[in-house]
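Please read the structure below before turning to the comments.
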Amino acid sequence: MSKNIIPVYNPSEIEPKWQKRWEKDGLYHSDIDETKPKHYALTMLPYPSGDLHIGHWYAMTPSDARARFMRMRGYNVLFPMGFDAFGLPAENAAIKHNIHPKVWTYRNIERMRQQLRSMGAMFDWRREAISSDPEYYRWTQWFFIKLFKHDLAYRKKSPVDWCPTCNTTLAREQVWGEDRHCERCGTPVIKRDLEQWFFRTTRYAEELLCYETIDWPERVRVSQTNWIGRSEGATVFFHTEHGDELEIFTTRPDTLWGATFMVLAPEHPLVSKLTTPEQRKAVEAYIEQAVRQTDVQREATDKEKTGVFTGGYAINPVNDERIPVWIADYVLMTYGTGAIMAVPAHDQRDFEFARKFGLEVRPVIQPVDMPELRGDEMTKAVPEYGMMINSGSLTGTPGNQAFEKTIEFLESKKIGHRSVNYRLRDWLISRQRYWGAPIPIVYCQQCGAVPVPEEQLPVLLPDDVEWRPTGESPLKLHPTWRFTTCPQCNGPAERETDTMDTFMCSSWYHLRYLSPKYDRGPFDPREYDYWMPVDTYTGGIEHANMHLIYTRFFHKACRDMGITKGPEPMLQLRNQGIVLGEDSEKMSKSRGNVVSPDDLVQAYGADTVRAYLMFFARWELGGPWNSSGIEGTSRWLRRVWTIFLEEPEVQGKATSDVLRNLRRKVHQTLRSVTRDFEKFEFNTIVSALMELLNEVSKAKQAGAWGTTEWNEATDIYLRMLAPVAPHISEEIWHQLGKPYSIHTQSWPEFDAEAAREEEVVLVVQVNGKLRDRITVPANISEEDAKKIALASENVRRFMEDKQPRQVIVVPKKLVNIVL
RNA sequence: GCCGAAGUGGCGGAACAGGCAGACGCGCACGACUCAAAAUCGUGUACCCUCCGGGUAUGUGGGUUCGAUUCCCACCUUCGGCACCA
């Protein structure tokens with residue numbers, strides 16, 4: 001029975017109340033403050049699809065909690081939010097519902113702003129940036145021109161991946177899976193030969209492999225390293241019989257003497273010249289079918305090798321041998337030089353090809369532990385290193401020197417050199433779609449591709465377009481937009497009608513947040529100097545090889561152009577996992593397993609949803625949703641409410657032991673919660689707070705209410721709760737008459753003395769098996785611990801009068817008696 | 001095939017530095033309150049046995065160690081990524 005009647009915990013009343021108050025007071029405004037250390041906490045910005053998904057909550061609320069924690073620890077924290085608002089879904093919705101992409105997008109943004117506000121996150125909305133605003137994409141275009149002027153953007157005709165459903169080209173990173181499907185819609189892509197704009201990401205391949213200055217998860221670093229795909233080897237110059245240079249890349253220069261033929265990609269420019277009249281028909285037929293095939297068919301690894309002899313020959317520069325030149329689709333035009341030397345004895349692919357077409361297999365490497373290799377008897381290639389044989393002057397070179405010696409040989413003869421190749425390609429940024437930032441280039445018959453002068457930016461996206469997809473850029477179909485005059489010669493000219501990949505917009509949004517209204521540059525340099533780099537970046541792992549490579553490239557390119565500073569844009573990265581449906585499947589409307597955060601907020605309140613999202617799984621792993629589990633966090637917050645607000649009948653009667661134990665538990669929890677916030681271990685933060693509440697509740701029953709210890713416990717508890725559940729903590733804080741706002745309070749001070757244990761439970765083992773537990777003073781000596789353990793009746797029973805061979809004492813933990 | 005992550009009660013998960021396996025929560029069972037139910041509060045809850053007291057358990061099999069969920073080796077399963085990259 002309580003003395004006072006308190007109102008029930010009603011989140012739907014207190015949450016909007018405090019959200020309005022915080023907004024009105026500008027509680028979460030972050031401004032430059034040189035007196036405090038800064039902390040730029042960034043969470044990946046959402047695409048305005050129309051509804052905030054539980055996945056957004058899962059990504060954002062723990063990030064918010066941690067940003068709040070950092071703020072309480074004395075940092076001046078910037079935690080902004082915005083929208084990645086250009087992109088295909090807007091156009092698809094436009095087509096489906098006959099609504100303008102712009103109207104659709106901005107309507108969604110408005111709705112999502114409301115949903116985001118319901119989280120009670122500490123977003124500084126003054127810094128909101130929307131990538132489809134002209135004042136934003138003006139600077140996206142400005143960056144494009146900078147890259148263009150520094151030779152980091154170029155236009156090239158090349159076979160590119162085309163999604164027939166989305167009617168646009170895709171960057172390589174946007175083509176996924178074994179069947180090479182479109183990242184967005186799942187349609188297998190096809191190849192088209194198109195003039196497209198690229199950024200020279202490959203120029204930064206080497207630097208992108210260095211992660212020394214950043215604290216990023218291993219799995220992201222490994223994934224990027226694999227994506228970049230560095231290979232060390234040699235470039236070697238072969239020649240055709242006609243004297244044309246035929247450059248190849250190999251990772252095994254030591255096998256050069258075993259090259260018995262060469263293979264070119266069907267698209268290789270020298271194919272036509274090499275082909276003899278007798279072979280022309282067969283070669284052309286092969287090329288035609290290769291082009292017709294999808295990449296899926298062509299690049300299937302289990303497919304039998306196919307190819308055609310060109311009739312032409314090349315000269316191997318190491319031994320002047322004349323070897324036949326073939327074409328085959330297992331050689332890709334997009335890697336290396338599109339041509340290889342084939343060494344069937346030591347490369348499995350070349351081996352399969354040679355066997356199928358009856359070409360010579362000549363071993364030139366003899367591993368020590370293998371019987372002598374004979375080309376006509378081998379059943380598979382031998383890729384291991386070994387002693388060089390049949391290799392002219394290098395014959396006899398041992399395996400561990402073969403690579404280096406051959407490179408020295410090539411360089412001294414000037415027929416090749418050491419080189420490094422990357423799997424990474426240049427970033428294709430052209431999109432044949434409407435709803436994106438127009439590429440600010442004008443084509444003039446006299447002057448060629450001319451960048452739009454900076455003072456004329458932005459190149460505005462017209463509203464009156466036909467956005468029905470035709471395979472052409474919608475802007476091309478606009479009656480007037482594309483026609484303009486050349487900024488250089490004033491002659492008639494046409495605008496580029498492709499728009500930019502939206503990953504371009506999201507490569508620099510963290511900079512626009514700094515000063516979204518700034519109009520003298522993409523960002524205010526004062527803000528940049530104070531806030532950058534981003535200290536903590538949180539978001540989905542799916543961006544490991546896309547956004548997170550692009551944004552690093554972008555930063556490094558800008559650094560070299562004098563726009564940004566430092567080696568990296570984001571110092572610390574942490575990824576959350578994915579929340580699956582209750583059926584353990586990916587959430588989707590068609591499966592009917594979508595969890596709506598709005599419904600949950602209505603039923604339980606934002607604080608409960610936040611706490612449950614932190615509690616229910618390890619953040620970096622995610623997992624299936626469990627709708628009954630949320631009852632636990634809901635119950636917990638209701639108990640927090642009554643335990644701290646409801647005055648009990650029993651007061652001030654607690655024994656000193658009870659109070660000492662309460663203090664100890666409070667400070668032990670403070671230690672673990674602090675540590676877990678630092679380590680992004682949100683689930684144990686919530687469980688530690690639940691555990692402490694159980695202790696607090698017992699102390700209350702034992703009469704602790706009203707004591708100094710009780711007041712300290714309340715104060716520390718609410719401060720620790722504040723980042724997790726910002727509304728209820730503010731409300732209780734307020735009702736207890738403490739000064740507004742709890743969110744501007746500092747993080748509690750840890751008292752090591754209070755947290756200290758005076759007694760510990762000593763575990764006693766005999767031969768490693770638990771036989772007794774004895775409570776002893778924490779500062780017991782090893783000798784005494786040993787004595788007490790040996791005196792235990794239970795222990796004596798299992799010792800069977802034997803003498804211990806060894807007694808291991810782990811201070812404050814255990815005694816193990818080994819017989 | 002290659003690379004990465006993960007396998008712990010009925011379920012989500014915890015275990016900081018090699019030292020009590022299963023914290024915290026869900027679920028379930030029983031009890032209190034109630035005319036009753038909900039809510040709330042309390043107690044219990046890995047499995048097996050001969051239930052006093054033992055034994056067995058962290059995907060599987062080995063190893064190191066007084067002692068292994070934790071370290072090492074081999075393997076299995078699930079998930080994610082890459083895939084003829086010369």
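Computed from heavy atoms alone, side chains included, the values below leave out hydrogens, waters and symmetry copies. Every value quoted in this text rests on a predicted model; they were computed, and no experiment measured them. So that the names make sense, note that chain A is the first sequence line, chain B the second, and so on, each numbered from 1.
Within the 3.5 Å criterion, the main-chain N or O of A/Pro7 finds a donor-acceptor partner in the side chain of A/Trp641. Between the A/Tyr286 side chain and the A/Asp329 main chain, a donor and an acceptor come within less than 3.5 Å of each other. No donor-acceptor pair under 3.5 Å is formed between the side chain of A/Ser634 and the backbone N or O of A/Ile630. Remark: side-chain polar atoms of A/Glu646 are not paired, donor with acceptor, to backbone N or O of A/Ile643 under 3.5 angstrom. Using a distance-only test at 3.5 Å, with no hydrogens or angles considered, a donor-acceptor pair links the side chain of A/Arg423 to the main chain of A/Trp227. Judged by distance alone, the side chain of A/Lys305 and the main-chain N or O of A/Lys356 form no donor-acceptor pair under 3.5 Å. Proximity of a side-chain donor or acceptor of A/His346 to a complementary backbone N or O of A/Pro383 within less than 3.5 Å is not detected.
Taking atom P in both B/rU43 and B/rC26, the straight-line distance is 14 Å, to the nearest Å. The gap from the P atom of B/rU69 to that of B/rC16 amounts to 13 Å, rounded to the nearest Å. Nucleotides B/rA15 and B/rU58 place their C1' atoms 11 Å apart, quoted to the nearest Å. Only the P atoms considered, B/rC47 is 11 Å distant from B/rC11, to the nearest whole Å. As rounded to the nearest Å, B/rG27 and B/rU77 have P atoms that lie 35 Å from one another. Taking atom P in both B/rA46 and B/rC24, the straight-line distance is 13 Å, to the nearest Å. Here the separation of B/rC3 from B/rC20, taken at their C1' atoms, is 39 Å to the nearest Å. The gap from the P atom of B/rA74 to that of B/rA5 amounts to 15 Å, rounded to the nearest Å.
Candidate nucleotides B/rA86, B/rC20, B/rA83 were compared by shortest atom distance to the side chain of A/Val761, and B/rC20 ranks first. For A/Met690, counting side-chain heavy atoms from C-beta on, the closest listed nucleotide (B/rG54, B/rC20, B/rG25) is B/rG25.
Between A/Glu232 atom CD and B/rA86 atom P there is a gap of 12 Å when expressed in whole angstrom units. One can place OH of A/Tyr330 at 22 Å from P of B/rG1, the figure rounded to the nearest angstrom. To the nearest angstrom, P of B/rU78 lies 15 Å from CD of A/Glu585. To the nearest angstrom, C1' of B/rG81 lies 15 Å from NE2 of A/His543. Here the P atom of nucleotide B/rC84 and the CD1 atom of A/Ile327 are 19 Å apart, to the nearest Å. The CD atom of A/Glu620 sits 18 Å away from the P atom of B/rG4 (whole-angstrom rounding). Rounded to an integer number of Å, the gap from A/Glu183 CD to B/rC82 P is 11 Å. The distance from atom CD1 of A/Ile541 to atom P of B/rC79 is 18 Å, rounded to the nearest whole Å.
Across all strands shown, A/Glu631 has no heavy atoms under 4.0 Å from either base or sugar-phosphate atoms. Residue A/Asn421 is classed as having no contact, given no heavy-atom separation below 4.0 Å to the nucleic acid. Among the atoms of the strands shown, base atoms are found under 4.0 Å from some heavy atom of A/Gln765. Nucleic acid contact for A/Gly768: none, since no nucleic acid atom lies under 4.0 Å from a heavy atom of the residue.
Aromatic pair A/Phe353/A/Trp326: ring centres closer than 6.0 Å. Separation of the A/Trp625 and A/Tyr58 ring centroids does not fall under the 6.0 Å cut-off. Checked against the 6.0 Å centroid criterion, the rings of A/Phe261 and A/Phe357 do not qualify as a close aromatic pair.
Between B/rC82 and A/Arg172, no contact under 4.0 Å exists linking OP1 or OP2 to a side-chain N or O. Proximity of A/Lys769 to the phosphate of B/rU56: a side-chain N or O atom is located under 4.0 Å from OP1 or OP2.
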The contact string for nucleotides 39-44 of chain B, one letter per nucleotide 5' to 3', using protein heavy atoms under 4.0 Å with B, S and - for base, sugar-phosphate only and none, comes out as SSSS--
Report, as a single string ordered 5' to 3', how protein heavy atoms within less than 4.0 Å touch nucleotides 9-17 of chain B: B base, S sugar-phosphate only, - not at all. ---BSS-B-
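Applying the salt bridge (charged side-chain N to carboxylate O under 4.0 Å, His left out) rule to pairs touching residues 611-637 of chain A yields A/Arg618-A/Glu620, sequence neighbours excluded. Here salt bridge (charged side-chain N to carboxylate O under 4.0 Å, His left out) pairs that include residues 803-819 of chain A, with residues two or more places apart or in two chains, number zero.
Using a cut-off of 4.0 Å between Lys/Arg side-chain N and Asp/Glu carboxylate O, A/Glu678 and A/Arg675 are scored as not salt-bridged. The pair A/Arg574-A/Asp215 meets the salt-bridge criterion, since a charged nitrogen lies less than 4.0 angstrom from a carboxylate oxygen.
With a glycosidic angle more than 90° from 0, B/rG59 adopts the anti conformation.
Of the candidates A/Phe616, A/Trp619, A/Tyr612, A/Phe682 forms a ring-ring contact (aromatic ring centres under 6.0 Å, His included) with just one, namely A/Trp619.
Listed by residue number, A/Arg771, A/Arg773 are the residues of residues 770-781 of chain A with a heavy-atom contact under 4.0 Å to RNA chain B. Taking a 4.0 Å limit (strictly below) on heavy-atom distances, residues 805-819 of chain A reaches RNA chain B at A/Gln806, A/Ile808, A/Val810, A/Lys813, A/Leu814, A/Asn816, A/Val818. Within residues 218-227 of chain A, the residues approached by RNA chain B to less than 4.0 Å at the level of any non-hydrogen atom are A/Arg219, A/Val222, A/Asn226, A/Trp227, in residue-number order.
Taking the centre and axis of the six-membered ring of A/Trp216, the NZ or CZ atom of A/Arg552 falls inside the cone set by 45° and 6.0 Å. The cationic atom of A/Arg771 (NZ for Lys, CZ for Arg) lies less than 6.0 Å from the six-membered ring centre of A/Phe798 and within 45° of the ring axis.
With the nearest nucleotide of RNA chain B identified for both A/Thr633 and A/Thr337, A/Thr633 has the one nearer the 5' end. When each of A/Arg252 and A/Asn794 is assigned the nucleotide of RNA chain B with its nearest heavy atom, A/Asn794 is the one assigned upstream, toward the 5' end.
Looking at residues two or more places apart in sequence or on another chain, you find no side chain to side chain donor-acceptor pair (under 3.5 Å) involving A/Thr775. Remark: A/Tyr385 engages no residue in a side chain to side chain donor-acceptor pair (under 3.5 Å) (not counting sequence neighbours). Every side chain to side chain donor-acceptor pair (under 3.5 Å) that A/Glu360 has, sequence neighbours left out, goes to A/Arg362. Scanning for side chain to side chain donor-acceptor pair (under 3.5 Å) contacts around A/Trp636 gives A/Tyr717, with sequence neighbours left out.
The strand RNA chain B forms stems, runs of 3 or more Watson-Crick or G-U wobble pairs with distances below 3.5 Å, at B:1-7 with B:76-82, B:10-12 with B:24-26, B:27-32 with B:40-45, B:46-49 with B:53-56, B:59-63 with B:71-75.
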